[in-house]
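Here the structure comes first, spelled out in structure tokens, and everything after it is commentary.
Predicted, not measured: the structure shown is a model, and the values here were computed from it.
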Amino acid sequence: MAVTARNTARGVCRMPRHRLGVGWPDLTVRRNAPAGRGTDSPISWSVCVRDSGGQVVYDHRPDTVLSTASVGKLLLLIEVARGLPLDRPCDRRDVEPVADSGLWQHLRTDVLPAHDLAVLVASVSDNLATNVLLHHVGLERVAALGHELGLASTALHDMVRDVRTAAHPPRLSSGTAAELSLLLHRLPGIDGGERVLDWMRTSADLSMVASAFALDPLSHDGLVLRNKTGTDDGVRADVGVVNGCAYAVLANWPPDEATVGEVLATMRELGDGIRAFVGN
């Protein structure tokens, strides 16, 4: 099933970008600009919000390609769900150790089934579990999946590395809000997509857009949320589905020109808009 970012594809028609009654932040203006620094925001945003029918209700530069950090792991999860036996034993000793996000590096067991690794990736963006699954699936198959889904600008480029040098792809993944929001909207109809959504319900990172939904990070009672986030220096990304509304919010910025705090505050405002739109 091809995933095209054109909103007129397959009967999906563009709606007004600013739904009445919903307040969306002005992403061109800097929040609390320091004296003498001007008001133009140094943050590059790509945002797209769709209703349950796939129609766009708000967007801002939705076709801008940005770094998405761990959001690209979503493509790996789709390929695992549709093409890897989920009871296959996977050994972390088959790959080089990798640090940062994840729990498996702190556990004693060396071998877990593929299903459990997928849950670790979906819940805490586990880097070691990501690389072990890539060892079994192959980056080539993930790339082929992207082409099959019709993704022109959204891809997982590499395995997770503690140190990324000039010899490696410059970023783990990249994408556009238009493509990612449409992918999330169409995920139930994609082979393996329902299983991926089930894994995504365990996501513990509600620090970005999802901070507006007032959910317990460890037990999502209330709004029906499935999301995947990505974090790196100068990168924050949150994509998901909440009460049937698919969203993708991507932010890149020079770390010396903006702060994580102002990015997260704006992401929370966007989440407030989404929450108002879904009526909660």
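Residue His168 places its NE2 atom among more than 12 non-hydrogen atoms of other residues, nucleotides or ligands, all under 6.0 Å distant. Within 6.0 Å of atom CZ in Arg82, more than 12 heavy atoms from other residues, nucleotides or ligands are found, so the atom counts as buried in its surroundings. By the 6.0 Å contact criterion, CG on Asp233 is open, its count of non-hydrogen atoms from other residues, nucleotides or ligands being 12 or less.
Within the model, atoms CG of Leu76 and CG of Leu139 stand 9.0 Å from one another, a figure rounded to the nearest 0.5 Å. Of the inter-residue distances, the one linking Ser46 atom OG with Leu27 atom CG reads 10.5 Å to the nearest 0.5 angstrom. Taking OG1 from Thr259 and CH2 from Trp253, the interatomic distance works out to 8.0 Å, rounded to the nearest 0.5 Å. Separation of atoms CG (Leu264) and OG (Ser211) is listed at 7.5 Å; rounding is to 0.5 Å. Distance OG1/Thr154 to CG/Leu66: 10.5 Å, rounded to 0.5 Å. To the nearest 0.5 Å, the span separating CZ on Arg171 from NE2 on His157 amounts to 5.5 Å.
When only modelled atom types and interatomic distance are considered, Thr68 and Ser174 share no side-chain donor-acceptor pair under 3.5 Å. In this model, no donor atom of one side chain and acceptor atom of the other lie less than 3.5 Å apart for Ser67 and Asn252. Under the 3.5 Å distance criterion, with hydrogens and angles disregarded, no donor-acceptor pair is assigned to the side chains of Lys228 and Ser203.
Using a 4.5 Å heavy-atom cutoff, the side chains of Leu184 and Met200 are in contact.
The aromatic rings of Tyr58 and Trp24 sit parallel to each other, their planes meeting at less than 30°, with 60° as the upper class boundary.
Put simply, the side chain of Ser70 never gets that close to the backbone of Lys73: no donor and acceptor are under 3.5 Å apart.
When hydrophobic clusters are built by joining Ile, Leu, Val, Met, Phe, Trp and Tyr residues whose side-chain heavy atoms come closer than 4.5 Å, directly or via intermediates, Val111 is not grouped with Leu103.
Classification of Asp158 and Arg164 as a salt-bridged pair holds, one side-chain N sitting under 4.0 Å from a carboxylate O.
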Pair Arg141-Glu148, salt bridge (Lys or Arg N to Asp or Glu O under 4.0 Å): steps then yes or no: CA-CA 10 Å; Arg141 280 173 59 181; Glu148 179 182 329; over 6 Å; no
